[in-house]
Amino acid sequence: MAWRYDQLVSSRPEVTMAQRKRRLVSDELSEAALQLLASKGFDAVTIDEIATTAGVSKRTFFRYFASKEDVVVQFLADMGVGVRAELAARPLGEQPSVALRHAVRVPMAACAGHSDKALRVVQLILRTPALRARFLERQDQWRDDLAAEVAQRLGLDPGTDLYPRLAAGMALTAFDTVLQRWSDSDGAEDPADLTDRAFATIAPALDAVE
């Protein structure tokens, strides 16, 4: 079964049987896609092949994913949701740089704990233009969600204050930079350590909020 970030977070609420079944099918589709893409390349694999390998119909595939790109990018989409959840759980008195660093560090540490699978997916996404483009589209939504969370923590108005979106953008740039560096090193560098180093660089700007 494919690994997912949300399976590692013990604080998530109990899922229903229907949710568990849906997650199982989603994971099987992701695993089938990764196996095919690793052996044949992104452009050579069809949705029909992915569905057949996973043992489901093409119609079932489209109930879970809108495209071939989405079935792979979902891996990192889960991480983006996790970043906001982790930020919401941080103590309100923390400096923004500390809270955001911890929020990004948790999913990055999870990558390190499942480095073989996670690295394969990250490299596939970052090295395939179509997947990279879809991943950047997802990040636009993460930025809005993270900015809303930052604004709520600090009592700012995300519609008029510049800081929330700028802070969210800096945090996600750090996230993206760490993923790229980890991918380029073929997993040799520690994602958690890279995250700490990235946030040490941007901390003065993050903590300059009035």
Hey, could you give me the [atom1]/[atom2] distance between [X] and [Y], rounded to the nearest 0.5 Å?
X    : Y    : atom1 : atom2 : result
L36  : T53  : CG    : OG1   : 4.0 Å
M17  : R22  : CE    : CZ    : 15.5 Å
L37  : I125 : CG    : CD1   : 10.5 Å
R105 : F175 : CZ    : CZ    : 14.5 Å
F42  : L124 : CZ    : CG    : 8.0 Å
R101 : D196 : CZ    : CG    : 5.0 Å

Short question: side chain of [X], backbone of [Y] - any donor-acceptor pair under 3.5 Å?
X    : Y    : result
D161 : Y163 : no
R153 : R90  : yes
T177 : T173 : yes

What pair of heavy atoms forms the shortest contact from [X] to [Y], and how long is it?
X    : Y    : result
G187 : L119 : N-CD2, 3.6 Å
G169 : R143 : CA-NE, 3.8 Å
E86  : A103 : CB-CA, 3.7 Å
P158 : P164 : CA-CG, 4.4 Å

Notebook entry, point to check: Other hydrophobic cluster members with L162, side-chain heavy atoms of Ile/Leu/Val/Met/Phe/Trp/Tyr under 4.5 Å, chained?
Noted result: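 Result for L162 is L166.
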Next item on the list: Decide side-chain contact (heavy atoms from CB on, under 4.5 Å) for T128 and E69; before the verdict, give the C-alpha distance in whole Å, the side-chain angles of both, and the deciding distance to 0.1 Å.
Entry: CA-CA 10 Å; T128 306; E69 291 86 354; over 6 Å; no
Check: According to the interplanar angle, ranging from 0 to 90°, do the rings of W142 and F135 count as parallel (below 30°), tilted (30 to 60°) or perpendicular (above 60°)?
Finding: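 Judged by the thresholds at 30° and 60°, the geometry between W142 and F135 is perpendicular.
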Check: Hey, any chance L100 and V98 share a hydrophobic cluster, counting ILVMFWY side chains that come within less than 4.5 Å of each other, even indirectly?
Finding: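 Cluster IDs for L100 and V98 differ.
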Next item on the list: Would you kindly confirm whether I50 and F62 end up in one hydrophobic cluster when ILVMFWY residues are joined by side chain heavy atoms under 4.5 Å apart?
Entry: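 In one cluster: yes.
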Margin query: Check this for me, if you would: do E49 and K68 make a salt bridge, where the nitrogen-to-carboxylate-oxygen distance has to be below 4.0 angstrom?
Written below: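 No salt bridge links E49 with K68.
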Next item on the list: For the pair R197 and D193, find out whether any cationic side-chain nitrogen is under 4.0 Å from an anionic carboxylate oxygen.
Entry: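 Between D193 and R197 there is a salt bridge, with a charged N closer than 4.0 Å to a carboxylate O.
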Notebook entry, point to check: Are side-chain N/O atoms of D176 and Q180 paired as donor and acceptor at under 3.5 Å?
Noted result: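 Side-chain D/A pair, D176 to Q180: absent.
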Checklist line | Residue pair Q123 / D184, side-chain donor-acceptor N/O under 3.5 Å | finding: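 On atom types as modelled, these side chains do not qualify, holding no pair under 3.5 Å.
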Next item on the list: Inspect the surroundings of CZ in R181 and state if more than 12 heavy atoms from other residues, nucleotides or ligands are less than 6.0 Å away.
Entry: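 Counting neighbours around CZ of R181, 12 or fewer heavy atoms of other residues, nucleotides or ligands fall under 6.0 Å, so no.
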Check: E137: what forms a salt bridge (Lys or Arg N to Asp or Glu O under 4.0 Å) with it, not counting sequence neighbours?
Finding: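 E137 satisfies salt bridge (Lys or Arg N to Asp or Glu O under 4.0 Å) with R134 once adjacent residues are dropped.
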